Amino acid sequence: ALKGEVLQSEADKFVGADGRVQWLRWETRPWFQNDGSIGGIVIFTEDITARRESEEVRRLLSLALSVAANAIVITDPQGQIEWMNPAFAAISGYSSAEALGQNITQLVRSGLHEHSFYEAMHRTISSGQPWQGELTNRRKDGSLYSEIMSITPLLEADGKISHFIAIKQDISDQKRME
């Protein structure tokens, strides 16, 4: 009968003779005989290789998005900011605490573009198609900046839009030089 606490639980990396890396999680538990004395130790193992590889890919993607030079913003289908990288904070002047949960359009819209410009953009991305263009937005301090932006709808298996991802590059310096 198995009774008592786990004596040891760890995850270890093993390299097979063929060079394949495998991660195993294992637990060691005492096995008790009917009289209550310890009859041995039982070791349970679980192959967690796929989970570890998936965690590593997520870690790498998260790091890449966080350090990207271009601003990256992820919104829900209504435009509420769910995630932003530090480059967006640097360009817009809004911290994560100020921007998360806000509507991206209301936060940075400059008012310099015609309403039809935004309608065409919205029509494109709402149809599930990516949009790319140049526009002028407003920073927290009220100053304007020019950017090239691409917005890509993220689609669920059923074709429904779950999020939008915007990748933005500040081209204000280039525009001034022109």
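Remember, predicted model here, so these are calculated numbers, not experimental data. One is the number of the first residue; the rest follow in order along the sequence.
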* Asked: Of all heavy-atom pairs between I38 and Q33, which one has the smallest distance, and what is that distance?
  -> O-NE2, 4.3 Å

* **Connected hydrophobic set around Y94, excluding itself, where side chains approach under 4.5 Å** => V73, I81, M84, F88, I91, L100, I104, L107, V108, Y145

* Short N-O contact, E46 and R51, less than 4.0 angstrom -> yes

* Do R25 and E27 meet the salt-bridge criterion of a basic N to acidic O distance under 4.0 Å? -> yes

* Asked: Out of curiosity, does W23 fall in the hydrophobic cluster containing V15 (side-chain heavy atoms, cut-off under 4.5 Å, transitive links)?
  -> yes

* How many angstroms lie between atom CZ of R139 and atom OG of S110, to the nearest 0.5 angstrom? -> 12.0 Å

* Asked: Does the side chain of S95 pick up a donor-acceptor pair with the side chain of E98 at under 3.5 Å?
  -> yes

Pair up each side-chain donor or acceptor in residues 158-165 with any protein partner under 3.5 Å, not counting sequence neighbours, and list the distances.
from: D158; atom 1: OD1; to: K160; atom 2: N; distance (Å): 2.9
from: S162; atom 1: OG; to: L154; atom 2: O; distance (Å): 3.2
from: H163; atom 1: NE2; to: E82; atom 2: OE1; distance (Å): 2.9

* Asked: Near E114 CD, under 6.0 Å, is it more than 12 heavy atoms from other residues, nucleotides or ligands?
  -> no

* By side chain to side chain contact (heavy atoms under 4.5 Å, CB included) - contacts of S127 (at least two apart) -> Q129

* Asked: Taking a hydrophobic cluster as the set of Ile, Leu, Val, Met, Phe, Trp and Tyr residues connected by side-chain heavy atoms closer than 4.5 Å, whether directly or through intermediates, do I48 and V21 fall within one such cluster?
  -> yes

* Which pair of non-hydrogen atoms, one from T152 and one from P130, has the smallest distance, and what is that distance? -> OG1-CB, 4.1 Å

* **Fellow cluster residues of I148, listed by chain then number, with links counted only when side-chain atoms sit under 4.5 Å apart** => I171

* Look only at the side chain of D47 and the backbone of Q22, and say whether a donor-acceptor pair between them is shorter than 3.5 Å. => no

* Separation between OG1 of T28 and CZ of F44, rounded to the nearest 0.5 Å -> 10.0 Å

* **Modelled atom types, side-chain donor and acceptor of E147 and N137, under 3.5 Å** => yes

* Would you say E56 and E53 make side-chain contact, with heavy atoms under 4.5 Å? -> no

* To do: Could you verify whether a donor N or O on one side chain and an acceptor N or O on the other, from S172 and R176, lie under 3.5 Å apart?
  => no

* **Distance in Å, W83 CH2 paired with I74 CD1, rounded so as to fall on 0.5 Å steps** => 6.0 Å

* Structure fact -> To the nearest 0.5 Å, atom CG of D12 lies from atom OG1 of T45 at 11.5 Å

* Between atom CD of E178 and atom OG of S146, what is the distance when rounded to the nearest 0.5 Å? -> 9.0 Å

* Structure fact -> Rounded to the nearest 0.5 angstrom, the CG-OG1 distance for L24 and T49 is 6.0 Å

* Taking the side chain as every heavy atom from C-beta outward, state whether I167 and M149 have any atom pair closer than 4.5 Å. => no

* Asked: Is a donor on one side and an acceptor on the other found under 3.5 Å between the side chain of N85 and the backbone of A71?
  -> no

* Tell me, please, which residues at least two apart from Q132 pass side-chain hydrogen bond (donor to acceptor under 3.5 Å, both in side chains). => none

* Which atom names give the shortest non-hydrogen contact between G93 and K140, and what distance separates them? -> O-CD, 3.4 Å

* To do: Scan for side chain to side chain donor-acceptor pair (under 3.5 Å) pairs involving residues 60-71, sequence neighbours excluded, and state none if there are none.
  => none

* Asked: Is the closest side-chain heavy-atom distance between K175 and E134 below 4.5 Å?
  -> yes

